[in-house]
Each structure stands twice: as C-alpha cells, then as structure tokens.
Amino acid sequence: MAVTNADIAAIFNKVADLLEIKGENPFKVRAYRNAARTVENIGKSLAQLVEEGYDLTKLPGVGHDISEYIKEIVTTGRLKKLEELEKEIPSHLVEMLSIEGLGPKRIKVLYENLHIESLEDLRKAAESGEIEKLPGFGPKLIEKILKGIKLAKKEGKRFKWAVAEYYANELVKYIKSIKGVINIEVAGSFRRKKETVGDLDILVTAKDWEEVSDHFIKFDGIKEVISKGPTRSTVILKSDIQVDLRSVAKESYGSALHYFTGSKAHNIAIRSIAVKKGLKINEYGVFKGAERIAGLTEEEVYKTVGLPYIEPELRENRGEIEAAYENRLPKLIRLEDIRGDLHVHTKYTDGKHTIAQMAKAAKDLGYEYIAITDHSKHLTVANGLDEKRLRVQMEEIDRLNEELDGITVLKGIEVDILEDGTLDLPDSVLKELDIVVAAVHFKFKLSSEKQTARILKAMDNPYVDIVAHPTGRLIGEREAYEVDMQKLLESAKERGCVMELNGQPERLDLNDVYSKMAKEMGVKLAITTDAHNTFSLNYMRYGINQARRGWLEAADVINTLPLKEMKKALKR
DNA sequence: GCCGTTTTCGGCCCGACTGTTTTCAGTCG
C-alpha cells in the first residue's frame, strides 16, 4: 500500500512533538510542522511526485533535509530519524501534550524528575502529591492536570461548521442584546469556513467591555468559565465548544479581526512580510516604530504590506499571498451565482417530499432548474428505483414540466456504482435521462487500486455526467475510502466528467484541497445539496463555503450556468 | 530546519492569561 500524504504529515508532526519535548530549537520544530501542513495541503500524491523525480524543495517549507526525509518515507515507509527520537524519548509522552496546561517544558520536567511516561503515571503522581513537590507545580495546576486527564479522551474534538454556526448565531444574538456593543464578528476558523471548527473566537468592540464580559459569562449555555480578563474571556459551553470573547478598541477592529481570523500560518506569513518592511503587526494595529499607521479595517492592514484584500476562506498560506502579490486572486463563487441544484431526492426513494414540492422550493430559492436524482435499486434501504419505477417517475416529471412555470425539472438518477464498476441500471434507461449522477454506496474498504479502477470504469460509461461525493467520507464518522484522486481527476478531465462538491454538512465532498486540485486541472465541479427534503436545499451554502476554500470561481461550477448552457456543459 | 529585492548567516509573529511567582515562565491561540 502506497504511502499517503497524510502518513507523511503524521510522521513530521510526531517528529515535531518529540523535538519539542526534547527541548529543541522551537524554529526547527516549526519547520517540521510547516512541512507537515504543506504535505497535507498539496493535493498531489507525494509518492507520485517522488516517482516522477520532482524537485521537492520547490514546495514551501521543504528544504534539503525534509525533501530527503520525504523520499525516505515514500520508499521505505519509515523515517529513521523518528525511530531514533522514539528511542530517546518515550513516544507516549506525546499524549500528554493534549492535556490543557501541559506543554513540552512541563512534560519534560515530569519525565526527567518523576519518570512519568503515560497518562496513567501522570494521574498516580498527581493524586499521590508527588508532582506538588516539583518547583512550578502548584495546587491549581495539579487540579487542572487531573481534570485534563479525564477530558483527554474527548481531546481534539472539532465540530462540523454547521453545528458551530448554530452556537455562533445564538451567542452573537445574545451578546448583541447589550446596547453598548458596536461591532461583533465571529472570527477564527469559523470565519474561514473551515469544514470543522475547534472553538469560536468572537471579536467585539464595545463602549464598556466590563458590561459585555459580565453579560457574556451569564450565557445560559455555559458549562464553565475558564478565564476572565481585561480584554479576553474564555468559556466552555455545555456542548463542549470553547468560546473566546475578545474586545479591542474601535480603531483596532480591522487588525484584531485579521489577527483572530487567522489562520496562524497566514498571520505568520503576513507578519513576516511586515517585519521585512520595518513594520510590526499585532491585534492593535500596524506600527512603524511607535506610530500606528493602520488597523481600522482589514483592507488597511493588507495595504501596508503591499497586498490587496484576501478573502478569509483563502487565508491558509496555501499560495494566497503569492497570488495576491501577482494580482491573480480568484474571484470566489457566491451563493447568488447558483442557478440550480443537480442532486436531490424525493418520496420515490428516501426523500421526504414530492417532486412538485422540491421543484417549488427550488423555484422559491430563485433557481432555474432542479434535477431529481433518486437512488437506484441496489440501495434497497433507500427503496432505490428499478427501471420500471424510474420510468414512472420520468413520466411524472414530464407532466409536471408542462404545468410548472419558471422552473425546469430535470430527469435524473443517482445510480449506484457496483463493485465491478458497472452501473446499477442499464444504459437503455440511463440514456433517456437528462442527468446521471454515479456514486459509491457500499464496499468502502476496497484497496486503493480496486476502488480507483471501480470508479474509473463507471466514468467510462458515456452516460455518467457527475461523480457524486467522490471520496465517500462522513466528517467525524467515516474516513474517505482509499482512492487515487489524481487519477480520477485526470480521467474526469479526459472524459468530460463533472465532479461533485456535495453540500451535506457532514460530506462536503470533494473537500477544499481536492476542489482546488480539480480547478487547477481544469475539471468542472457541480455544487449540490443531496437534499432529502425541501429544507436541506439550503445546504447549498455549506457547499459554497467549501468551494470558496477550494478557490473556486463561478466559471468552475456548472450549476452557475443557465439551463441551456449547463446541459451543454454536461454533454461529453 | 527553512529562507533570502538589505542577508548563504542569523534571523524566524506576537500578545493574553494563569499560576506561581517577587519579576516571569509556560501555555495557548
């Protein structure tokens, strides 16, 4: 089994953790983390790049040493450097980094003085009072550690963006009820529309911070107040989401918003440019010596470093700064650009509403068209359609189109891709449809070679227009199946197939990295909702979020086209 | 360990908050 980019990134992150505990130069540690991030975001398979003899040092954050390490991992599946580090430092120590209040320095002290190597050792030593004898470890810290051990299992929990959105809206509404609040915005990964959100960072400017902060910590959904300071307060909600509320003066709002929106990597890159220009950027503004030269708006902040405004969704240091310099930032797609939905279900299978109801709801959204794509017969749990029932549905759609005004209903199917890559319905009926969406719904555990071959074969069928949720992942529930996305996209390009960006909040599939890769390879996408009821036609906005993170413009997405042109774009 | 429109050596973003401290280290984002 080939080494994946995720494997390589995991190795570099582990090296970084161990080096940190060892007490290595923090910039060296950062170099490994940067390399890990590059590897995760590159899209293309590093194993393949190595095979092609590509010069890896061209990748950002990858120099001579790390380039050699990547080659070593790809060819041997291991990294000697990591194995040596693990001999030196027990690798279980890394687990302790997840405990609030314990960082590399304290872990090192605990290991060297008390030989604490695991969470269990840590708990025993904390309870027996041994830790308290160490300098710098007072009673409050020990209490925090004990609490942290219990929480360690839940550690790293992230929330789907749509879930975070609910709490964000509630909190903003609650905080806004204070009259003195001037500006309020949820920043952080939420504002960058990341598919999952770890915590909510809310920024406010207000006449009286004390009043806002006192009000904030009385919010009904709060489980615990972590800290409350003169500019920042942190709480944990009952739903375990951490919320940071931060206040700045009005004139610093732009620089603070930039700072708290991140990403960290983007901010570091921007600040580094500022340093080279003799400027200092912090959340209070842009400074030339002691003089504040900008900070009211984000635009101002970017201007001081010679850049145009960069949309939050792009701020991941994945090339947006270079693109901004060269004036080739994408004009990101917006919800208003969408003219129709190409993947929805009805009562015929596992949907909740009729074709007419779905069509009306789509029209109310201002759409020109909606494609009915119910499941095919293999998906028995969803009451999938056989040819006979599909033909009944097709007739109903024909009748409906005669009655309807202002919206066109397209005849379609979400046809199952069987294990051997053939389709669940015969060509004789597929060819009569306006649109065929093909999808994998079972046998997720095939090898990458088999899964890739399976989908490639389905794409060979000339009636397949769109490959739905191409990696099959469900955020937080199911990993993507193994598949060679590079090959899928190459063949989509060759055959004129469209790839789906499914807007279901737990799918968002293709993800941002693959969406960007598809765009760069010239593959068109369809952003769909996979709606099973009229309400979830609104999931389009989640799809748009992900699309924007993937640098997509309206021209990259076929359902921004008017009906006639969209149908032409589907032809292959 | 990476990087270069001042540099191939000497930098590497910046501040808030906590806890344990008499002035600051560690952690966090």
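What's counted below: heavy atoms across the whole structure, side chains too, no hydrogens, waters or symmetry copies. Below, chains carry the letters A, B, ... as their sequence lines are ordered, and counting in each starts from 1. All of these numbers come straight from a predicted model, not from anything done at the bench.
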*Asks:* Could you tell me which residues satisfy side chain to side chain contact (heavy atoms under 4.5 Å, CB included) with A/F219, sequence neighbours excluded, listed by chain and number?
*Replies:*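 Side chain to side chain contact (heavy atoms under 4.5 Å, CB included) check on A/F219 returns A/E170, A/L171, A/Y174, A/I222, A/L237.
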*Asks:* In whole angstrom, give the distance that lies between atom CG of A/N267 and atom P of B/dG15.
*Replies:*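 So the CG-P distance, A/N267 to B/dG15, works out to 13 Å.
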*Asks:* Please report, rounded to the nearest Å, how far the P atom of B/dC3 is from the CD1 atom of A/I321.
*Replies:*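 To the nearest whole Å, that distance equals 14 Å.
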*Asks:* Among all residues two or more places apart in sequence or in another chain, which pass the side chain to side chain donor-acceptor pair (under 3.5 Å) test with A/S263?
*Replies:*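 If we apply the side chain to side chain donor-acceptor pair (under 3.5 Å) test to A/S263, skipping adjacent residues, there are no hits.
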*Asks:* For the C1' atoms, the ones on B/dC12 and on B/dC17, what distance do you get once it is rounded to whole angstrom?
*Replies:*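 To the nearest whole Å, 24 Å.
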*Asks:* So which nucleotide does B/dT8 pair with, by the Watson-Crick or G-U wobble rule with both distances under 3.5 Å?
*Replies:*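 Answer to the pairing question: none, since B/dT8 forms no Watson-Crick or G-U pair.
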*Asks:* Is it true that a side-chain atom of A/Q504 and a backbone atom of A/T529 form a donor plus acceptor pair closer than 3.5 Å?
*Replies:*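 Yes, because the side chain of A/Q504 sits within donor-acceptor range (under 3.5 Å) of the backbone of A/T529.
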*Asks:* Near DNA chain B, counting only heavy atoms under 4.0 Å, which residues of residues 131-143 of chain A show up?
*Replies:*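 When residues 131-143 of chain A is checked for heavy atoms under 4.0 Å from DNA chain B, the hits, listed by number, are A/G136, A/F137, A/G138, A/P139, A/K140, A/L141.
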*Asks:* Kindly write out the residues that satisfy side chain to side chain contact (heavy atoms under 4.5 Å, CB included) with A/I226, not counting sequence neighbours, or none if the list is empty.
*Replies:*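 In terms of side chain to side chain contact (heavy atoms under 4.5 Å, CB included), with neighbours along the sequence ignored, A/I226 is linked to A/E224, A/T234, A/I236.
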*Asks:* For B/dG1, does OP1 or OP2 lie under 4.0 Å from any side-chain N or O of A/Y69?
*Replies:*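 Yes, within the criterion.
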*Asks:* Just to be sure I understand the geometry, which residues of residues 20-34 of chain A put a non-hydrogen atom under 4.0 Å away from DNA chain B?
*Replies:*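 Hits under 4.0 Å, by residue number: A/N25, A/F27, A/K28, A/R30, A/A31, A/Y32.
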*Asks:* Aromatic rings A/Y539 and A/Y542: how do their planes relate, parallel, tilted or perpendicular, breaks at 30° and 60°?
*Replies:*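 Tilted.
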*Asks:* Going by the salt bridge (charged side-chain N to carboxylate O under 4.0 Å, His left out) test, name the single residue among A/K519, A/K331, A/R334 that passes it with A/E553.
*Replies:*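 It is A/K519, the one option of A/K519, A/K331, A/R334 that forms the salt bridge (charged side-chain N to carboxylate O under 4.0 Å, His left out) with A/E553.
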*Asks:* What's the gap between B/dG15 and B/dT20 when it is taken at their P atoms, as a whole Å value?
*Replies:*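 Result for the P pair: 26 Å, nearest Å.
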*Asks:* How would you list, by chain and number, every residue that makes a ring-ring contact (aromatic ring centres under 6.0 Å, His included) with A/Y325, sequence neighbours excluded?
*Replies:*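 Residues passing ring-ring contact (aromatic ring centres under 6.0 Å, His included) with A/Y325: none at all.
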*Asks:* To the nearest Å, give me how far apart CG (A/N317) and P (B/dC3) are.
*Replies:*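 Going from A/N317 (CG) to B/dC3 (P), I get 11 Å.
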*Asks:* What integer distance in Å separates A/K144:NZ from B/dC28:P?
*Replies:*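 One finds 7 Å between P of B/dC28 and NZ of A/K144, rounded.
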*Asks:* For A/K124, check side chain to side chain contact (heavy atoms under 4.5 Å, CB included) against everything at least two apart and list the hits.
*Replies:*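 With neighbours one apart ignored, the set is A/E120.
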*Asks:* Classify A/K81 by what it touches in the nucleic acid, base, sugar-phosphate, or nothing, heavy-atom distance under 4.0 Å.
*Replies:*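 Contact class for A/K81: sugar-phosphate only.
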*Asks:* Going by side chain to side chain contact (heavy atoms under 4.5 Å, CB included), name the residues that satisfy it together with A/N317, two or more places apart in sequence or in a different chain.
*Replies:*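 Per chain and number, A/N317 pairs via side chain to side chain contact (heavy atoms under 4.5 Å, CB included) with A/R37, A/A265, A/A269, A/E320, A/I321.
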*Asks:* When you compare the protein's N or O atoms with those of nucleotides 24-27 of chain B, which come within less than 3.5 Å of each other, and at what distance?
*Replies:*
residue: B/dT27; atom: OP1; partner: A/G103; partner atom: N; Å: 2.5
residue: B/dT27; atom: OP1; partner: A/G103; partner atom: O; Å: 3.0
residue: B/dT27; atom: OP1; partner: A/R106; partner atom: N; Å: 3.0
residue: B/dT27; atom: OP2; partner: A/K105; partner atom: N; Å: 3.2
residue: B/dT27; atom: O5'; partner: A/G103; partner atom: N; Å: 3.4

*Asks:* Sticking with atom C1', work out how far B/dT6 lies from B/dG1, rounded to a whole angstrom.
*Replies:*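 Nearest-Å result for B/dT6 against B/dG1 at atom C1': 23 Å.
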*Asks:* Measure the acute angle between the ring planes of A/H258 and A/Y302, then classify it against the limits of 30° and 60° as parallel, tilted or perpendicular.
*Replies:*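 Correct class here is perpendicular.
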*Asks:* Between A/S227 and B/dA16, is there a contact of a side-chain N or O with OP1 or OP2 at under 4.0 Å?
*Replies:*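 Indeed not, no polar side-chain atom of A/S227 lies that close.
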*Asks:* Using salt bridge (Lys or Arg N to Asp or Glu O under 4.0 Å) as the criterion, list what pairs up with A/D244, not counting sequence neighbours.
*Replies:*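 If we apply the salt bridge (Lys or Arg N to Asp or Glu O under 4.0 Å) test to A/D244, skipping adjacent residues, there are no hits.
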*Asks:* B/dT20: syn or anti, with syn meaning chi within 90° of zero?
*Replies:*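 Anti.
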*Asks:* Taking CZ from A/R192 and P from B/dG29, how many angstroms apart are they, rounded to a whole number?
*Replies:*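 Going from A/R192 (CZ) to B/dG29 (P), I get 13 Å.
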*Asks:* Give me the one residue out of A/K194, A/K264, A/R192, A/H266 that meets side chain to side chain donor-acceptor pair (under 3.5 Å) with A/E316.
*Replies:*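 Option passing the side chain to side chain donor-acceptor pair (under 3.5 Å) with A/E316: A/R192.
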*Asks:* Which pairs with one or both residues in residues 274-291 of chain A pass side-chain hydrogen bond (donor to acceptor under 3.5 Å, both in side chains), sequence neighbours excluded?
*Replies:*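 Every side-chain hydrogen bond (donor to acceptor under 3.5 Å, both in side chains) pair that includes a residue of residues 274-291 of chain A, provided the two are not neighbours, is A/R246-A/E283, A/R246-A/Y284.
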*Asks:* Among A/K105, A/K108, A/R33, which one satisfies side chain to side chain donor-acceptor pair (under 3.5 Å) with A/E20?
*Replies:*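 When A/K105, A/K108, A/R33 are each tested with A/E20, the side chain to side chain donor-acceptor pair (under 3.5 Å) holds only for A/R33.
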*Asks:* Using the P atom as the reference point in each nucleotide, state the distance between B/dT23 and B/dG29 in Å, no decimals.
*Replies:*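 It works out to 29 Å between them.
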*Asks:* Would you kindly give the CG-to-C1' distance between A/D244 and B/dT18, to the nearest whole Å?
*Replies:*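 Those two atoms, CG and C1', are 14 Å apart.
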*Asks:* Hey, mind stepping through A/R473 and A/I475 against side-chain contact (heavy atoms from CB on, under 4.5 Å) and telling me if it holds?
*Replies:* CA-CA 6 Å; A/R473 62 97 175 253; A/I475 296 170; 3.7 Å; yes
*Asks:* Quick one: which of B/dG29, B/dC17, B/dC2 gets closest to the side chain of A/R232?
*Replies:*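 Closest of the options to the side chain of A/R232: B/dC17.
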*Asks:* Which parts of residues 270-295 of chain A get close to DNA chain B, meaning a heavy atom less than 4.0 angstrom away?
*Replies:*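 Here the set is A/R271, A/S272, A/V275, A/K276, A/K280, A/I281, A/N282, A/E283, A/Y284.
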*Asks:* Using the P atom in both, what is the distance from B/dT27 to B/dT21, to the nearest Å?
*Replies:*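 Each nucleotide's P atom is 15 Å from the other's.
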*Asks:* Taking the P atom of each, how far is B/dC13 from B/dT18, in whole Å?
*Replies:*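 It comes out at 26 Å once rounded to the nearest Å.
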*Asks:* Which residue lies toward the 5' end of DNA chain B, A/I226 or A/Y259, if each is placed at its nearest nucleotide?
*Replies:*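 First, find each residue's nearest nucleotide; the 5'-ward one identifies A/I226.
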*Asks:* Measure from CH2 on A/W209 to P on B/dA16 and round the result to the nearest Å.
*Replies:*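 Atom-to-atom, A/W209 to B/dA16, this comes out as 13 Å.
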*Asks:* For A/L97 and B/dC28, give me the distance from atom CG to atom C1', rounded to whole Å.
*Replies:*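 After rounding, the reported distance stands at 13 Å.
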